[in-house]
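Working notes, structure below.
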Amino acid sequence: MTRTLRFALPALALGVGVALAVGATAALAATSRAGADPGVTPTTVLLGGTAPLTGSSSAYAAIAVGAHAYVDYVNTRGGVNGRRIAYTIVDDASDPARALDLTRRLVEDDKVFAVFNSFGTDQNLAVREYLNQKKVPQLFAASGATALGKQGGQFPYTIGLRPTYTAEGWVLGQYLARTQGAAKVAVLYEDDDYGRELLDGLRRGILRSKVRVAAAEPYDAAATDVQAQVARLRIAGATVFAVFAKSRVALQALRYANRLGWKPKLTLSSSGASSATVPRAASEKGGNPLVNGMVSVAFLKDPTDPRWVKDSSMKLYRKVMKRFAPGANVDDVNHVYGMAAAWTAIEAIRRAGANLTRDALIRVVASLNLQGNPFLLPGIAVRTGPSDRYPIEQLLLQRWHKDAWRSFGGLWSYRSG
């Protein structure tokens, strides 16, 4: 049975006290104007996407939850160009084949206008060819895979949003090259495009420096135990441990390195650096001295960073989460990412105009120059162009201190492609 994320939309959104299950969209699609693109009516725009609502990657469903909450907030303020946005999210359990099947249903049965914010590299690559054949926008895919922007000519309807994994690895490599002398680095990485791109980026970042990768151990994305890999990395004589893993595995790696008595400096990919993962590693019995001072990268405002306590955008974030996603963990930065994606999508739809078409939307996202996304770090812009299909290419370093991430230094820019 397919699981669909459901929300009760507030009465203000529709003008009446109605609870709407966002998966029930066939009736909405049937009301489209003659000649209009599917998913567009005089009063509504229908978006859809897949997310791991269940399974080992379900923590990343927070990206969809945050986006949906912000869409609901915008609807209470009149929507976009006079239209409400309906957003359907269905559960692919991180299975690419299932993601393709569900995406087909969203397009052919639910008649969505665009597929938005679907999570995962393999899932997005699995649906890319189909969506481009159908000329359905694959809007701001939630993956940092370089491939999503590399073949813009062949797949013009596809665009990601966040910095690439290569860019992220490069920034961490540059940091090590500039601060760690002749350090030896041990790398734990997921054996897929995500992990391999991070490792490649790291190698590019340390190029022409004295830092070198002493050992690199892959692990299967479905692995439940990486202790053997961490043990092998420990004996490589490395002074830096780079953990290129998502939150569940990152937590295990941090804990096991500590139990082995290994005391390297730590660097962590952003997907593993969630504000849910690191405190759990730090709070294990006896503490974990490795955690304090560890370095990662960021492009979003972290809700745990004291720097943003009085920030108006983060106050809005918490207000929106409280109203439209009650009970969700507001300290989870994945919710912030979802809102950043939704803000960008809404702005693109706004700029596509009242006569909304898929082609008009694609023309807009192919030439973006958006400043002031309230959920991105100050100074980070969303830009694209004829030869640039990577909307966000700036990152900031952050360091874990006591109980939260603290950003430091200036913005780093990396041109992907």
Please name all residues satisfying side-chain hydrogen bond (donor to acceptor under 3.5 Å, both in side chains) with S407, sequence neighbours left out, ordered by chain then number.
R307

Does a side-chain heavy-atom distance below 4.5 Å link K246 with Y194?
yes

Is K301 positioned over the aromatic face of Y317, cation under 6.0 angstrom from the ring centre and no more than 45 degrees off axis?
no

With a cut-off of 6.0 Å (strictly less than), are more than 12 heavy atoms of other residues, nucleotides or ligands near CD of E129?
no

side-chain hydrogen bond (donor to acceptor under 3.5 Å, both in side chains) contacts touching residues 362-372 (sequence neighbours left out)
N369-Q371, N369-R383

SB check D191 R196 (cutoff 4.0 Å)
yes

Distance flag, aromatic centroids of W343 and F375, threshold under 6.0 Å:
no

Y60-S94 side chain donor-acceptor pair, cut-off 3.5 Å:
no

Side-chain heavy-atom pair K265, F241 within 4.5 angstrom cut-off:
no

Checking T166 against E197: is there a side-chain donor and acceptor pair closer than 3.5 Å?
yes

SB check R318 D331 (cutoff 4.0 Å):
yes

Can you see which heavy atom on K134 is nearest to which on E108, and at what distance?
CE-OE2, 4.0 Å

Can you list the residues that meet the ring pair (Phe, Tyr, Trp, His ring centres under 6.0 Å) rule with F116, with sequence neighbours excluded?
Y87

For L397 against L172, the heavy-atom pair lying closest together:
CD2-CD2, 4.3 Å

Taking side chain as C-beta onward, heavy atoms only, is T384 less than 4.5 Å from I159?
yes

Is there a side-chain contact between R204 and Y414 in this structure, where contact means two heavy atoms from C-beta onward sitting under 4.5 Å apart?
yes

Any side-chain heavy atom of S270 within less than 4.5 Å of one from R162?
yes

In this structure, CD1 of I392 is separated from CG of L376 (nearest 0.5 Å) by 4.5 Å

Side chains of R351 and L370: does their closest heavy-atom pair fall under 4.5 Å?
yes

